[in-house]
Every structure is written in C-alpha cells, then in structure tokens.
2 protein chains.
Amino acid sequence: MANIKEIARIAGVSVTTVSRVLNNHPYVSKDKRAAVLDTIEQLNYTRNMNAVHLITGRTGTVAVILPYINAFYFSIIMNGLAHEALLAQYRLILCQSNYLADEEIKVLEMLRNKEIDGVIIVSTALKPETIEEYTAYGPVVTCQDSGQRRYSSVYIEHYAAFRQGLQYLKGKGYRTIGYCEGRQNGSSASIRQTAFREFIAEHKLVFQEEWMIYDCTTEEDGAAVARLLLEMPERPEAMIITGDHVAAGLMIEARKAGLSIPGDLAVMGFDNQPIGRLLEITTIDNHLYEMGASAFRIIHEQISSDNPAPVYRKLDYRIIERSTV
Amino acid sequence: MANIKEIARIAGVSVTTVSRVLNNHPYVSKDKRAAVLDTIEQLNYTRNMNAVHLITGRTGTVAVILPYINAFYFSIIMNGLAHEALLAQYRLILCQSNYLADEEIKVLEMLRNKEIDGVIIVSTALKPETIEEYTAYGPVVTCQDSGQRRYSSVYIEHYAAFRQGLQYLKGKGYRTIGYCEGRQNGSSASIRQTAFREFIAEHKLVFQEEWMIYDCTTEEDGAAVARLLLEMPERPEAMIITGDHVAAGLMIEARKAGLSIPGDLAVMGFDNQPIGRLLEITTIDNHLYEMGASAFRIIHEQISSDNPAPVYRKLDYRIIERSTV
DNA sequence: GTAATTTATGAAATGGATTCCATAGCAAGC
DNA sequence: GCTTGCTATGGAATCCATTTCATAAATTAC
C-alpha cells in the first residue's frame with residue numbers, strides 16, 4: 001500500500017514535508033500542502049498507526065480494568081471516564097476482569113509492552129505491591145485508596161461515608177437497622193461491613209444476623225430482599241442499601257405489599273444513581289461520575305508529564321435528603 | 001529501555017538469534033538460547049509490541065462493534081466470540097456504538113490504519129456499501145444477513161424463525177396473539193415486525209394495535225407489559241416476545257396477578273437464554289452463542305489466509321418446547 | 001544596511017522488532 | 001569422495017512515520 005515515501009515522491013516533496021502536512025505543522029507552503037493533500041486523496045492514503053506508535057512511543061489509548069462492565073456502580077464511573085477521554089481525544093479499552101488476577105496482569109503487561117499509555121484500575125483483585133511493580137512502565141491510577149503507594153488514586157472514604165449514613169438513620173430515631181451489600185469480593189464491601197458492625201456495637205443497637213444480606217446488585221435482588229424482610233418474624237425499622245437500584249427494587253416490592261416508606265420501613269440508598277432521584281430515595285452521593293472523570297484527568301496529566309509524582313485525590317460524599325428516611 | 005539489540009550484545013549473539021529465541025524458532029543451540037533467556041531475565045526485557053505490529057503487519061486484535069454491551073441478546077453472542085478469541089490467542093476490543101454511524105466508522109478506520117486485524121459487526125447502523133468499502137483493508141464479518149456482499153456474514157433468518165414461532169402458536173390453537181419487541185432501531189426488529197403483520201394478515205387473525213409493544217429489553221420491561229395487558233379491555237391469548245428475559249419478567253408479574261400460564265396467557269420467548277430454561281419458557285433457540293463463535297472462527301481464518309472469499313453462514317433455529325405455550 | 005528572526009525545505013537518524021539471504025559445519029546417501 | 005540436506009548463526013534489508021539537524025530564503029528589527 002501507499003506509504004509516506006510514495007506520497008512524497010508523487011507530490012514532489014520530501015517525506016518530512018508530508019509528515020508536516022499530516023501533523024498540521026505550520027511551516028509548509030500553501031502549494032506544497034495542497035499538492036500533498038491531493039496525492040493523499042488520490043492514493044487513498046492513511047497513516048500506519050503502528051509506525052506512529054513505535055516512533056512516538058505513545059498509542060493514545062488507556063486501558064480500564066473493572067470487574068463487571070454491567071454493574072451500575074461501575075458504569076457511572078465509566079461515564080465519567082469516557083467523557084474525559086473523549087475530550088482529550090484518547091481511546092479507552094475496557095477490560096472486564098471478573099476479579100481474576102491473570103486478566104488484570106495481562107492488561108498491565110500491555111503497559112509494559114507499550115501497547116497502551118496508562119491503566120486505570122477501577123476495582124482490583126491484585127495486591128498493591130504487584131500494581132506498584134508496573135508503575136515503572138507507565139502511569140497507573142486506581143479508584144481505591146492506595147495508601148500513599150507509588151501510584152495515584154482517586155477514592156472515597158467508604159468507612160466514614162457509610163458511618164455517616166448510619167449516623168443519619170440513628171439521628172432520625174431508627175434503632176434497628178438492616179444492611180444490603182453488593183458483591184462481597186469488592187474491597188469496599190468489607191470496609192463497609194466493618195463500619196456497620198462497629199457502629200452497631202458502639203451504639204449498642206439491636207441487631208440480627210439475618211438483617212445483613214449480600215450479593216444484591218439489581219432491582220430484582222432488591223425485590224427479593226423485600227420479600228425476605230416481609231417473612232421475617234422481626235424486621236428492622238430501616239435498611240441501608242449499597243446501590244440505589246437495589247433500594248428501588250426493594251421499595252417497589254415493599255410498597256406493593258402494603259408497607260409505607262419510610263413509615264413502616266426507612267430506606268437509605270447509596271451512590272446517588274438516576275433511579276434514586278426518580279423515586280425520591282434518600283441516598284449518599286459519593287460522586288462516582290466525578291471519580292471517573294478525575295481518574296482520567298490524572299492519568300492524562302501523568303502521561304503528558306515525564307516525571308509525574310503520584311496523586312492522591314480524596315473525594316467527599318454527602319447525604320442527599322429526600323423522602324425515604 | 002532495553003531492546004533486542006542490547007540483549008544481543010550482552011548475550012554475545014546476533015539480534016536474529018535473540019528474535020529466534022523470542023519466537024521459539026527451533027534453530028538455536030541450547031547454550032545460546034540459555035544465554036539469551038538469561039539476559040532477558042536480567043534486563044527485565046519485553047518486546048515493544050508496536051515494533052512487532054509494524055513489521056508483521058498484524059496486531060492480534062479484532063474489534064467488535066455492537067450497539068449495547070449490556071443487552072442480553074448481544075452478550076450471548078459476545079460469550080461465543082470471547083471463547084473462540086481466547087482459544088486463538090486473539091484479543092478483542094469492544095466498541096459500544098449506540099447505533100451511531102460515526103462510532104462505527106472510527107472502528108473501521110482503525111482497520112484501515114492497521115491498528116486491528118479485522119472487525120466483527122454484531123449489529124450496525126451503517127449501509128452495506130459503506131462496510132463494503134472497508135473490506136479492502138481487512139476482513140469484516142457481520143452477524144446480519146449481508147445478502148452476498150463482499151464481506152462475510154453469519155446470520156439467522158429472522159423472518160422465517162419468527163413465522164415459525166407464530167405458526168407454532170397457531171398450531172396450538174391460539175387465535176389472538178400479541179407481540180413484544182426490543183429496540184426498534186435494530187434491523188432484525190423490522191424484519192420480525194413485517195413477518196408478524198404478514199402472518200396476521202394471511203391467516204386473518206384478530207389483532208389490535210395495542211398488542212404490539214416496543215422497547216422491551218429487561219425483566220422490568222416485561223413486568224410492565226404484564227401490567228399493561230391486565231388493564232386492557234381485551235387481551236391476547238398468547239404473547240410472542242423477543243428475548244427470554246422480557247418473557248420472564250412478564251410471566252412473573254402475570255402470575256403474581258393470578259394469571260395461569262399458559263392457561264390464561266401463553267408465552268413464547270426468543271433466543272433461548274439461561275433464564276428461560278430456569279422458568280421453563282417455551283422459546284426459539286437461534287444459536288446466538290454459536291453465532292458469536294462462528295463469526296470469530298470466520299474472521300480468524302480470513303486473517304490467516306491472504307485472499308479470502310467472503311463466507312455466508314446461515315444458522316438454523318429451532319423451537320424448544322417447554323411449558324409456557 | 002547589517003544583524004536577528006522567522007519561514008520553508010529536505011537528508012538522515014531513529015524507534016525496535018522480523019525475515020530474507022548468505023554462509024558454514026556436519027551427517028547421511030550412494 | 002562428492003552431492004544433498006539439515007542445523008546453526010549473523011548481516012542487512014524492511015516495516016513506516018517522526019524528528020533532529022542543517023541550510024537557505026524571506027522578513028523584521030534597529
């Protein structure tokens with residue numbers, strides 16, 4: 001196929017000039033530029049991007065590692081990432097890891113091989129030391145607190161955020177509280193679980209083990225939880241639920257069974273997802289969109305700078321008071 | 001960083017020999033191979049894949065264009081694709097198009113730029129002629145009937161499959177039939193719609209416009225349809241529903257309202273998805289997994305061969321009789 | 001009117017691998 | 001003893017674009 005050399009020959013200029021035209025460099029005379037563009041058109045030429053990647057050492061691509069592409073929590077973060085990537089004219093490649101270390105390593109190896117310019121790890125099964133090793137080959141940003149490691153992170157203090165949610169419920173007078181969690185293997189899930197148990201213990205609240213329910217990720221799961229609650233001999237006055245979609249399913253099903261919310265059951269959501277707004281769910285906004293956007297901005301900056309120090313960006317959270325608590 | 005030349009120098013061999021070691025070429029003596037592997041280890045060397053891609057003209061990557069990554073229909077196809085890609089040691093990159101032509105063109109341009117070895121188009125907004133233009137740059141496989149175009153395709157005869165479903169319902173004695181469709185912009189949706197209307201007309205079946213419901217893609221949508229049906233002054237005896245997830249939602253909700261299935265309402269699903277098996281839904285298996293697997297096998301073969309003729313692979317379909325009709 | 005910039009152009013080096021071709025030693029075949 | 005075939009090795013060409021450097025012409029500065 002046609003290459004830059006052939007374009008140069010036919011247009012009667014040097015390859016340098018062709019390259020300048022391709023890259024919009026100013027120092028090209030009007031007629032030569034026109035001649036080059038003409039030949040490009042005639043020969044239906046495009047650059048071989050592999051050659052560009054080789055010589056520039058850049059690929060304009062960042063990989064995103066996340067466990068499940070279809071989880072609501074992650075998809076909000078993805079929206080933030082995607083928006084910023086578009087602005088920066090970068091390409092993202094999505095890698096669903098299912099929390100398999102091997103899959104994640106494969107992506108990090110791509111960084112080492114120069115196939116990508118950086119890696120954004122939304123949630124991971126890898127040990128921090130493993131990630132740290134790869135920072136030698138390019139910037140890595142995680143969306144979990146990395147604890148001053150050699151790579152950047154954008155994170156929420158899940159412990160504090162979750163406690164604040166509980167505190168809010170307690171402040172409203174609720175004394176028995178149940179808890180719905182998403183997938184157990186996420187690291188933030190175990191942090192929240194600790195926060196929950198400690199809070200219950202500190203405040204000497206009544207608690208039953210069956211009020212703690214795992215693996216809730218969809219509206220359907222929420223509906224199932226509602227049915228579960230209805231069958232319990234004793235059920236909590238309030239539920240704190242990680243994920244507004246689950247909260248939505250729970251509420252809809254509970255109302256169907258005649259429960260009034262928050263009268264019979266208070267519901268506190270999490271993540272401030274669009275559906276929560278629709279259903280007036282009181283929730284904790286932990287700025288997931290901003291988290292994604294911020295992660296991309298950081299990695300973009302680090303790709304551009306040549307000796308970047310890691311950045312640790314803590315995002316805040318806030319309770320959005322609506323009508324379910 | 002270390003490159004092949006440096007490895008060669010330190011190991012005391014030629015770059016050719018190092019390359020042979022890297023590519024498991026047999027003609028390397030035991031000790032030289034060991035020396036090379038040693039130096040590679042010591043210098044923590046890996047190949048710069050951009051150089052490999054440039055010289056070989058291959059990237060070992062295939063792009064997949066699909067409108068929505070989280071639609072069940074597409075995710076089954078993806079599973080088939082992913083499995084075969086893994087076997088062939090190929091990488092897939094997913095491109096969610098939202099049926100935007102620009103996004104799809106971007107991916108096809110990557111083929112032209114040699115960033116990928118082939119493109120698999122699961123569903124598209126592009127005109128066949130546009131796709132055809134890009135076949136000059138590498139193999140393209142679509143999962144829709146391409147009608148003997150210059151690119152390959154693996155497809156189901158949606159028209160015939162859908163008619164067979166209707167025929168089956170009619171054979172079972174149902175005379176009033178409703179219809180749930182997914183997104184309207186899919187090309188297969190309009191084919192099925194035609195099939196439906198023609199069948200109704202041919203057999204002079206009673207039909208009401210409100211029995212035709214669009215934009216049903218999730219269980220929730222199915223549940224909403226159930227509620228809609230319950231409120232109708234007259235409702236059909238049977239529903240044909242593209243997608244078992246929607247059928248599932250509809251059934252669960254209908255049963256909740258006291259309807260017996262198939263006694264009060266027969267339900268015919270589509271796509272033979274796992275949830276359908278669970279709920280004993282009678283459905284049409286149109287081999288979506290095989291469709292994905294087949295698409296990858298075709299493109300893989302075409303990448304390897306140097307003058308490949310397009311392949312047109314028609315998949316069959318069959319009714320899986322369970323207990324909802 | 002001379003010095004300093006700015007504009008315009010191309011030759012050649014560069015990035016990092018693969019592969020064709022040439023060469024040579026050595027074993028097998030007849 | 002001479003040809004053939006296999007194993008082992010390296011030199012050099014190749015893939016294709018970017019970028020540094022050198023040079024020259026055209027402006028601008030003072």
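Hydrogens, waters and symmetry mates are skipped; everything else that's a heavy atom, side chains included, is used. Per chain, numbering begins at 1; letters A, B, ... match sequence-line order.
- We find that CD1 of B:I7 is positioned 12 Å from P of C:dT18, with the value rounded to whole Å.
- Rounded to whole Å, atom C1' of D:dA12 lies 14 Å from atom CD1 of B:I4.
- Comparing the end axes of the helix from C:dG1-D:dC30 to C:dC30-D:dG1, each fitted to five base pairs by superposing C1' atoms of four pairs onto the next four, gives an inter-axis angle of 20° (nearest 10 degrees).
- Among all heavy-atom pairs drawn from B:R150 and B:T135, the shortest one is O-CG2, 3.7 Å.
- Partners of B:D316 by side-chain hydrogen bond (donor to acceptor under 3.5 Å, both in side chains), not counting sequence neighbours, listed by chain and number: B:H287.
- In this structure, B:V28 and B:V21 approach most closely via the heavy-atom pair CG1-CG2, 4.0 Å.
- Rounded to whole Å, atom C1' of D:dC15 lies 14 Å from atom CZ of B:R58.
- Of the residues in residues 44-57 of chain A, A:A51, A:L54, A:I55 come within less than 4.0 Å of DNA chain C through at least one heavy atom, sorted by number.
- Sorted by first then second residue, the ring-ring contact (aromatic ring centres under 6.0 Å, His included) pairs that include residues 99-132 of chain B, not counting sequence neighbours, are B:Y68-B:Y99.
- Every side chain to side chain contact (heavy atoms under 4.5 Å, CB included) that A:L43 has, sequence neighbours left out, goes to A:A2, A:E6, A:I7, A:I10, A:T39.
- Between the C1' atom of D:dC16 and the CZ atom of A:R9 lies a distance of 15 Å, rounded to the nearest Å.
- For A:S294, the side-chain hydrogen bond (donor to acceptor under 3.5 Å, both in side chains) partners are A:R313, not counting sequence neighbours.
- Taking the ring-ring contact (aromatic ring centres under 6.0 Å, His included) definition, one finds that B:H83 meets it with nothing, sequence neighbours left out.
- Residues that satisfy the side-chain hydrogen bond (donor to acceptor under 3.5 Å, both in side chains) test with A:S190, not counting sequence neighbours, are absent from this structure.
- Within residues 27-43 of chain B, no residue places a heavy atom under 4.0 Å from DNA chain C.
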Test B:K127 against B:E132 for salt bridge (charged side-chain N to carboxylate O under 4.0 Å, His left out), laying out the working first.
-> CA-CA 9 Å; B:K127 280 180 287 189; B:E132 221 161 27; over 6 Å; no
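- Non-hydrogen atoms lying under 4.0 Å from DNA chain C are contributed by B:T16, B:S19, B:N23, all within residues 11-24 of chain B.
- Among B:I93, B:L81, B:I69, B:I77, the single residue meeting the side-chain contact (heavy atoms from CB on, under 4.5 Å) criterion with B:V64 is B:L81.
- If you measure from atom CG of A:N113 to atom C1' of C:dA17, you get 12 Å, rounded to the nearest angstrom.
- Ring geometry, A:F296 versus A:Y90: the interplanar angle exceeds 60°, so the pair is classed perpendicular (tilted spans 30 to 60°).
- Residues meeting the side-chain hydrogen bond (donor to acceptor under 3.5 Å, both in side chains) test with B:Y151, sequence neighbours left out: none.
- The distance between atom CD of A:E6 and atom C1' of D:dA17, rounded to the nearest whole Å, is 15 Å.
- Distance NZ (B:K5) to P (C:dG15): 8 Å, rounded to an integer number of Å.
- Partners of A:R297 according to the salt bridge (charged side-chain N to carboxylate O under 4.0 Å, His left out) rule, which considers only residues two or more places apart in sequence or in another chain, are A:E84, A:E290.
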